[in-house]
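Everything numeric here is computed off the predicted structure, so don't read it as measured data. Hydrogens, waters and symmetry mates are skipped; everything else that's a heavy atom, side chains included, is used.
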Amino acid sequence: MPKNTPKTAPERSKSAATPARSRKPFLIGAAVLVAAGVLGMASYQATSPGPKPTVNDAASASEPTGGGYPELAKLARRDAKDPLAQGRPDAPVVMIEYADFKCSYCGKFARDTEPALVKKYVDEGTLRIEWRNYPIFGAESEAAARGAWAAGQQGRFWQFHAAAYAEGAKEKGFGGDRLRALAEEAGVPDVGRFERDLAGDAAKAAVKKDQEEAYGLGASSTPSFLINGTPLAGAQPADSFAQVIDAAATRAARSAGAAGPAGAAEK
């Protein structure tokens, strides 16, 4: 498999692949469904044989004139209380990440690329990152997703995220004892509550909501991203993400500038 190529649907276990076919499509609206195929196409391009398209190639081939798909951009939740997000709720650019803790390329992105994006864009207010649990590799993927959600209920999602994606962590599995150890490593204050939350209906519902959003968008691999409605797939280098983020930030600034005088005139 080529370097930096994300895992794809055919590589899923049978138990993970079956729900994708049997579940009802996530109801995200007709306009979103029309545009959503671009994320599936980006996933396919990232995993297909032969030369890989550049970020600019993908954008020019899939985006409407003027940038990303507005209907896909609206999937950003911008909830200030969302423990599975980082960055200002009103940041001009939102990157939605669909990922699985058992995905090697998700781990590569988390270790090699995401910290640089946080330092360059999140810390200075340009970017918000919103995580979506997209477990596609079976029961342990599902368990890790629920564990991450449970850690988030005590404000330790990103610490759990770092521990679960540390070099060699995936190989140790995500059984019950291992999830407890990860919670302790992440500094979750009440591990007993963590275990109760992990097994509860709220965790199952939250993970299912994220998972069905990704299914509805046609995402066929992890990691997959939407950056202000622009699709990007795979553990690509930081420069590839920077191109899309910079372009989205420029469009957002232009849009805000255009709206400003109009708003003032209306007053």
Side-chain angles (χ1 to χ4, degrees), residues 1-23 43 47 83-84 97-115 129 131-212 214-215 219-224 233-235:
M1 178 177 293
K3 187 178 180 181
N4 293 348
T5 302
K7 299 290 186 181
T8 58
E11 295 174 272
R12 303 176 195 171
S13 66
K14 184 176 180 181
S15 61
T18 300
R21 294 193 297 267
S22 61
R23 285 195 178 107
S43 299
T47 58
L84 277 62
E97 176 184 358
Y98 301 92
D100 183 322
F101 285 102
K102 283 185 69 67
C103 164
S104 298
Y105 295 100
C106 299
K108 179 175 178 58
F109 171 79
R111 293 188 300 272
D112 298 349
T113 304
E114 194 165 34
I129 300 175
W131 171 272
R132 303 285 193 269
N133 278 303
Y134 190 24
I136 61 175
F137 293 107
E140 285 202 353
S141 288
E142 183 84 14
R146 294 178 188 174
W149 182 90
Q153 302 317 292
Q154 298 186 58
R156 305 301 287 179
F157 168 77
W158 291 103
Q159 292 80 4
F160 184 96
H161 173 279
Y165 276 140
E167 193 73 55
K170 177 176 74 75
E171 286 69 26
K172 297 178 182 179
F174 294 111
D177 291 343
R178 178 64 180 147
L179 290 174
R180 181 184 179 91
L182 287 170
E184 292 172 346
E185 184 179 343
V188 173
D190 186 341
V191 178
R193 177 192 166 188
F194 165 84
E195 291 181 318
R196 292 191 298 274
D197 286 344
L198 162 66
D201 290 340
K204 296 175 185 177
V207 171
K208 182 179 180 181
K209 178 181 178 181
D210 288 354
Q211 191 175 44
E212 290 190 343
Y215 284 149
S220 60
S221 67
T222 54
S224 289

| query | Counting distance only, does the side-chain N/O of Arg146 pair as donor-acceptor with the main-chain N or O of Val207 below 3.5 Å? | reply | no
| query | Out of curiosity, Lys172 NZ to Leu182 CG, how far, rounded to the nearest 0.5 Å? | reply | 8.5 Å
| message | Are the side chains of His161 and Glu114 in contact, using a 4.5 Å heavy-atom criterion? | response | yes
| Between NZ of Lys102 and CZ of Phe174, what distance do you get to the nearest 0.5 Å? | 6.5 Å
| Separation between OH of Tyr98 and SG of Cys106, rounded to the nearest 0.5 Å | 13.5 Å
| note | Rounded to the nearest 0.5 Å, the CG atom of Leu179 sits from the CG atom of Leu198 at a distance of 6.0 Å
| Heavy-atom pair with the smallest gap, counting every atom of Pro189 and Gln154 | CD-OE1, 3.3 Å
| message | Quick check: do Asn133 and Gln211 have side-chain heavy atoms less than 4.5 Å from each other? | response | no
| note | For Gly175 and Glu140, the nearest pair of non-hydrogen atoms, with its separation, is N-OE2, 3.9 Å
| said: The test is salt bridge (charged side-chain N to carboxylate O under 4.0 Å, His left out); show your working for Arg132 and Glu97 and say whether it passes. | reply: CA-CA 6 Å; Arg132 303 285 193 269; Glu97 176 184 358; over 6 Å; no
| message | Restricting to non-hydrogen atoms, name the atom on Pro83 and the atom on Gln153 that form the minimum distance, rounded to 0.1 Å. | response | CG-NE2, 4.1 Å
| remark: Nearest heavy-atom contact between Glu184 and Val191 is CG-CG2, 3.8 Å
| request: First locate atom CG of Asp197, then atom CG of Asp190, and finally report the distance between them rounded to the nearest 0.5 Å. | output: 8.5 Å
| query | Between Asp100 and Ser141, is any side-chain donor less than 3.5 angstrom from a side-chain acceptor? | reply | yes
| Residues Trp158, Ile129; criterion side-chain contact (heavy atoms from CB on, under 4.5 Å); working and verdict | CA-CA 11 Å; Trp158 291 103; Ile129 300 175; 4.2 Å; yes
| field | Smallest separation among heavy atoms of Gln159 and Ala186, with atom names | value | CB-O, 3.4 Å
| Of the non-hydrogen atoms in Ala235 and Pro223, which two are nearest, and what is the gap between them? | N-CG, 4.0 Å
| task | Check for a donor-acceptor pair, side chain of Glu142 on one end and backbone N or O of Gly138 on the other, with a separation under 3.5 Å. | result | no
| Would a distance-only check, ignoring hydrogens and angles, find a side-chain to backbone donor-acceptor pair under 3.5 Å from Glu185 to Ala163? | no
| note | Taken to the nearest 0.5 Å, the spacing of Arg180 CZ from Phe194 CZ works out to 9.5 Å
| field | Result of checking Phe101, Phe160, Trp149, Phe109 against Trp131 for ring-ring contact (aromatic ring centres under 6.0 Å, His included) | value | Phe101
| query | Mind checking whether Cys103 and Phe137 have side chains closer than 4.5 Å, heavy atoms only? | reply | yes
